[in-house]
Structures are given as C-alpha cells and as structure tokens.
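The next block holds one structure in the form of structure tokens; read it before the comments.
Just so it is clear: chains get the letters A, B, ... in the order the sequence lines come, proteins before strands, and each one is counted from 1. What you see is a predicted model, and the numbers here were worked out from it, not measured in a lab.
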Amino acid sequence: MPTLTIDGKKITVADGTTVLQACEKLKIDVPRYCYHPGLSIAGNCRICMVEIEKAPKPAISCQTLSTEGMVVRTDTEQVKQVRSHILEFLLVNHPLDCPVCDQAGECYLQDYYMKFGLYDPKFNENKVKKQKKAFPIGPTIMLDQERCILCSRCVRFTDEITKSHEFGIVNRGDHSEVVVSKEFVNPYSGNVADICPVGALTDRDFRFKCRVWYLENSPSVCPGCSRGCSIEIHHNDRKSHRVEPKRVMRLKPRFNEEINKWWICDEGRYNYKFIDDNRILLVKGAEDWPSAVKTLASKLKNLAALSPQSAAFLLSPQQSNEELFLAEQIFAQLFDRSRLFLVRPNALGYQDAFLIKADKNPNTAGARALGFSYAENIVDLLSGEAEKGKLKALYIFGQDIVSLFGDDARKLLKQLEFVVYQGSNRNETAPLCSMTLPAAVYAEQEGTFTNCDGILQRFTPAFAPLPEAREGIQILHDLAVKLGIKCPGPKAREIFARMAEKAHAFKGMNFDRLGRMAQEKAALC
Amino acid sequence: MPVTTKVVKQPNMSFMVRIYFPAIFQGLALTGWHFFRNLTLHILHKFDLFKDVPAAVTYQYPEEKRPLAPRLRSRHRLTKRSNGSPRCVACMMCETVCPAHCIYIVADEHPDPNIEKRPKRFDIDLGICVYCGFCVEACPEDAIRMDTQILDIAAYSREGMYLTMDDLLNPENHGAIVLRDPKRPQPASQ
Ligand code: SF4
Ligand code: SF4
Ligand code: SF4
C-alpha cells in the first residue's frame, strides 16, 4: 500500500496501482489516448506524461507503478509543454476533417487540443495522404486511416476482449497504419467505434445521422437479452419536432462493473429502431382511453362472474417486474391464478460465453422470481379450451402470437369473443384483436428488470411516451381503479414497495437504492 | 441638492431672418426649380431623351433599386464548387449556431470519398430567420453567404417563406419578390 504525493496531495493506493489511476482517484485530469481501463496497458501515445521527482525526465503515468514516497507533479510548465508537443506530433498527419467527422464533439483530439494544446503549429510539410479515405471494413464500422493516431486500442480490444484478432498495425514509422485482416464481422464490433478516441473508427449506423452535441443522454437497461446490459440512450430532442419524428439516434454502453463493464453487443446496440418505428399510435376498439378502460373493466367483470376460468392472460418477460406484479395482483383476484401464463415472445437465439444470452428477454428471471414459468404450447391449450367453450377472452401483453404460432393462433383469435392486445408496436396479431391498447416502450417508462444473474436494475424514462401511448403500469392501474380493486400505483416506486413486502424474492428491497448503477440481487427461485 | 441652472442665450437673429419673407421666397424658388426640372425631365424621358439624368430623387422601386452596402446582410445563398455542386459539407455549424433554429439540414454521403459529406436537404425558414449572420460567420467552408442583396421577400403563406437547397443555390431564379405556390412540397413538420 504505497503512499504517494500528487500535486501536493497525499494518497494511499493499493499495490500495483499506476500513477495515472492514482491521479484519477484524486480527480486530477491526466490526458490519455491509448490507456483504457478495460484493456492492457500499451503506453504508446505518450500524452499522459507527468513529472516524477528524482526521475531524469518526464515519464508516462499510465505504465509507471506507484511506489512509496513518490512525488508526482502534473501541473508544471514542463509537463504542459511536453503534452502540447506530443499533441503536435500526434496531429502532424491528422486531416482537418472535423466538419465532416462524426467524432467531432466527442473527440479527444479536439478536447485535449483545447485543453492542453493551443500551440502554434510549426509543420510546413504536406500531410501524408492515404490512398483510400474513409471506407467500410464491415457491416457496422467505417475506417479512416488518416485520422488514426495509432493508439492500438482497437487492436487490443480484438486481441483481448473478443479474441478474434481482426485488427493490426502494420509497417513502421510514418508508414504505420491500422488494418483489418478480413471483413470485420463480429458480434461486438460496435465497441471499437466507442473506444477509438478519435474519428478513425466510426459507426456506420450512426454515420451522418446527427451531430453528437444535439444528443441528450439517458441511462437505461438494454432489453435485448437476459443479460440486461447497462446502456445509455442517446436521443435528439432538439430536432425531433421538425424531422421525421425519430428520437433515438443510437445506444451506447454504460459502465457497469457487475454486468457488462464497458461493452455491449451489436444486437443490443442496434436494437432501438422499434422505439420510433412502426408504433401503435391509437386506441382501437374504443373511442378513447377512458372508454377503453371502462369497456375492458365491464367485460372482465362479466366474464369473472361467468367463470373464473373464462379468460386467459399472456404475460411477457419483456414486461418489468412492476408490471408483472401488478397484473398478478389484479387478475388473480378476478380469475384463477393459473389463468396467468408467461409466454415467450420470441425464439431462443444466439449466445456466447461473454455477454450475449440465448434468452432474448430482459426479465425472464424477474418473472420466475414472481412465480411464473414459461407455458409451453399455449395456443394448443387455449384452442382446446376455446373449442369447448370454456375460454371466452384473451389479454395479450405484446406477444405476436400470429407470427409465433401461425394459423393456429389465427384460428384461436377468431374463436374468441374478446381479445385485448396491449403492446407498443404494430404486428400481425394486433389487427386481429377486438381491442388494441398502445403501450409505452421501455425507454418511455420506469421500472426494474432482473437479469440472468438475478441482478435488479432500475430504468427511468428517457422521454415521454408517444401522445396516445401509456405506461404498462398506468394502464393496469387505471383498470384496477375501474374494477374497484385496491392496488398500489400508478408509480413504479409505489408498486415496488408493495412488491418488496409481498413477493418473497424482492423482500426488503428498496427502490431508491436501485440508482444508476444500482443493483440488488434477487433470490432466484 | 443644489439646483444648477444654465443660462441659454437666445440666438441673435438678424433683421432679414426676423422678417422671414426672403426665406419663404427662397423655399418657393427651390420647390419650383425641382418641380419644373422634374416635369421637363419626365417629359424628355418619355421621348427617350436624357435618360441618364434621373428625374426625381426618389428611387423608382421596384424597377429601380437603391445601391446597398456590400456588407449588408441580405437573403442567404449557398455557394457552389466549380462543378456546380454545393460547397456545403453539412457540418451543421450554422444549424447549431442559429439562434432562431431556422436552418434544417439532412446530411448524406458524398460520392467523392475525399469530400465525404454533403447536404441532402438544406432548408432555411426565412419566416423565423433574424438575419443575424451567425451562420455565415460559423461556416468553415464559406458555403453560406448573405450577399444576394435581395431584401424584398414576401409570400402568401408561412410555408412560402421556406427556402430549400435549390432556392439557396440559385437565388437569381426568384425575382425580387418571392411568390410561392403554397402547394409545393413542404418540410416535414409535426
Ligand atoms: S478525429 Fe477528431 S480531430 Fe480528427 S477530424 Fe475527427 S473530430 Fe476532428
Ligand atoms: S483506429 Fe482508433 S483505436 Fe485503432 S489505433 Fe487508430 S486511433 Fe486507436
Ligand atoms: S456551416 Fe457551412 S458547411 Fe457547415 S452546414 Fe452550414 S453551410 Fe454547410
């Protein structure tokens, strides 16, 4: 446990901590390009130089280990000069591309030039031009070798994290350049655009779509698979009223030590189009929301009086814990608890040993913890009941059963008296239902998901729901009020508090402790 | 507070001024001179004579335009490359800096990889523009200028005030007064 002094401040750090990490602990800003906390240390960009007492010349802080009694200075004239000279070297061959560069606004070259550079360039020669300017190296990534500063982050990412070794740096000196050995197809390819500190590697999906300074960023949780990676939703609020109303521009990983570290997979990264496209915009089967809720409540009451088995509810692992809990609280009072089925809205998919899970739903573990398990062959079962006249109504929470089960499902929907579809996006099932309720997507509501390891994460709305859409918990709560059933809500906090009292797996949990990072482990049953 | 006073002296008027008849006749002479001069010149102009001597001091707008200072901020235009395509690279600096939020750009891939980016759409809503000229200042490519000297902009609808990339590239296509068909393709709005 060495104790060192940085800029006059003393700090004791763990063995093996580098000077740069110690500076970070003291919130001293040391510039860096090649250093990334998730990758091995390369020490090749040289911008993180600091002065160490008794050392003959400035040393790079990212690779120097802290030792007892070390005296480090990051604010001397010499350090400032060294930084600006190194920046000048890094920018010698760098094109003046900022106006057309997608990195502009979040580029470390721009940031550090304004902070540590501001030198008078002395370079009179011509910049090295590459034969090809920007070109795609795979389905997701664009490479511009002229902009590359050879920090080797991308090389280390594909060597150490994905172990697929696509990137390499070839040739020497002025001729060095970053190359890919083959087409860059990789389930984690998007991450190289995140870690590239400059605009050499950029995202093709985001290319020229929006300048980054227009983006608002809201923390959220990826609903793409049961890993539940922490993400940031980058949305454009400034332009949306004039452009085609697209709000979400891209998704980015958010650091979470326990789940995804700095990374997310491409499947999750590009899984945002459904938030703005193809949404269900209006209530169908009733004039407006109040009358829809009224009709629904009276129908359910009549059916419950008929028989506690006359309706079935298809709950989905895409729903938050709060929504599932609320649905159970309400419908299990009117009908048999066994009429609530958990139905997988999608097939099992690809998985690997890193992040991607085969189960493409964010809250399977949460649904399990609330006592649900997947119902198999649900359409066969319900068709049988409908034929016998036992089943009269169906309440679907977002599953596209027509695409999942084909003609069987179509037949079932025709047999039934009353089918409600509550979901966010248009699909084949919704038009066949007697009532459609437009629901909000995860980015528009608040709630919690339990991931595959039982870690609970809270997500908050990035923006308001589309005009007619409502949060799932809001719809259920309104329905409960109309039915005269007492239930918590309509805010996720209130429902969570009740859930923490009642549901065994959530015992003693506190909604407020589930902050940005925040996890609580649910007992998985 | 002490009151300070200042004694203002009455101007010493001469006799000629005080009787004011000479001034009246001076004025009448001046008015008469201009009246008969303009009358004669207008008649001569009718016969195509002395055309280069202007008759009245008023500008015969809209046929005749008043000379404007070259630095005056007038209607925008987009400058062109030598091949006629817009110089603009859709960097959105102007859109960002615009205090009225009246510029709207959609970027696109340029076929030439050395240029990379170009605007697919570039609209300015003159109905909102405050003519501050910030867009011209911000542009790193000298792609937008406010030097068309077009000041008279009018339209029958708000939509008519919307300039598209085509209008901005060819400001001369629209005469002094912009009269627009309100049914032309309109910007997407919510
Ligand atoms: S990488 Fe950074 S400095 Fe280079 S052109 Fe892009 S924004 Fe500008
Ligand atoms: S492409 Fe980006 S991440 Fe890779 S070496 Fe160049 S600057 Fe570094
Ligand atoms: S600032 Fe200039 S180059 Fe950039 S978008 Fe505006 S007109 Fe085009």
Side-chain angles (χ1 to χ4, degrees), chain A residues 95-107 110 126-137 142-147 199-200 202-216 236-247 249 276 279 281 463-464 466-468, chain B residues 78-79 81 85-129 135-144 158-159 161-164 185-190:
Chain A
L96 262 178
D97 269 355
C98 302
V100 296
C101 180
D102 263 342
Q103 190 81 6
E106 53 182 8
C107 175
Q110 292 182 325
N126 288 330
K127 297 195 180 239
V128 170
K129 284 255 178 212
K130 303 282 181 207
Q131 291 205 325
K132 266 209 283 191
K133 188 77 181 133
F135 55 94
I137 52 169
M142 225 42 196
L143 169 64
D144 187 327
Q145 293 164 320
E146 284 179 13
R147 290 184 199 151
T202 46
D203 199 328
R204 287 182 73 187
D205 179 67
F206 184 65
R207 189 165 167 83
F208 300 163
K209 216 155 71 175
C210 179
R211 298 309 322 235
V212 298
W213 51 84
Y214 288 156
L215 296 173
E216 303 291 325
N236 180 0
D237 294 349
R238 163 171 163 159
K239 264 190 162 185
S240 60
H241 63 295
R242 302 253 296 268
V243 203
E244 331 78 86
K246 294 249 192 303
R247 296 167 295 178
M249 290 287 137
D276 285 320
R279 289 287 297 271
L281 295 174
F463 31 73
L466 291 179
E468 274 283 294
Chain B
L78 286 177
T79 56
R81 293 171 197 272
S85 66
R87 285 184 67 91
C88 171
V89 295
C91 70
M92 321 225 175
M93 292 295 146
C94 52
E95 190 191 68
T96 305
V97 80
C98 177
H101 290 205
C102 69
I103 305 181
Y104 169 52
I105 304 168
V106 179
D108 195 15
E109 193 83 34
H110 198 285
D112 179 355
N114 283 314
I115 301 175
E116 269 198 88
K117 211 177 170 189
R118 67 171 177 194
K120 180 155 74 183
R121 216 170 132 169
F122 193 118
D123 302 343
I124 296 184
D125 189 348
L126 287 182
I128 314 179
C129 176
C135 51
V136 182
E137 297 279 318
C139 181
E141 306 281 330
D142 188 16
I144 189 165
R158 279 166 200 262
E159 287 74 27
M161 300 298 281
Y162 225 92
L163 297 184
T164 60
Q186 290 316 322
S189 59
Q190 253 195 317

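Nearest heavy atoms, Asp108(B) versus Phe208(A): O-CD1, 3.7 Å. Shown here for Cys91(B) and Pro99(A), the closest heavy-atom pair between the two residues is CB-O, 3.0 Å. Between Val89(B) and Val100(A), the shortest heavy-atom contact is CB-CG1, 3.6 Å. Taking both residues in full, the closest heavy atoms of Trp213(A) and Met93(B) are given as CH2-CE, 3.7 Å, listed atom of the first, atom of the second, then distance.
Atom CG of Asn126(A) has 12 or fewer neighbouring heavy atoms from other residues, nucleotides or ligands inside a 6.0 Å radius. Around atom NZ of Lys132(A), no more than 12 heavy atoms belonging to other residues, nucleotides or ligands sit under 6.0 Å away. By the neighbour-count criterion of 12 heavy atoms within 6.0 Å, atom CZ of Arg158(B) is sparsely surrounded, having that number or fewer from other residues, nucleotides or ligands.
Looking at Pro113(B), the atoms closer than 4.5 Å to chain A (heavy atoms on both sides) sit in the backbone and in the side chain alike. If you measure heavy-atom distances from Glu109(B) to chain A, the contacts under 4.5 Å come from both the backbone and the side chain.
Atom NZ of residue Lys117(B) and atom CG of residue Asp97(A) lie 11.0 Å apart, to the nearest 0.5 angstrom. Once rounded to the nearest 0.5 Å, the distance linking CZ of Arg211(A) with CD1 of Ile105(B) reads 10.0 Å. Atom NE2 of His110(B) sits about 14.0 Å away from atom NZ of Lys133(A), to the nearest 0.5 Å.
Residues satisfying the ring pair (Phe, Tyr, Trp, His ring centres under 6.0 Å) criterion with Phe135(A), sequence neighbours excluded, are absent altogether.
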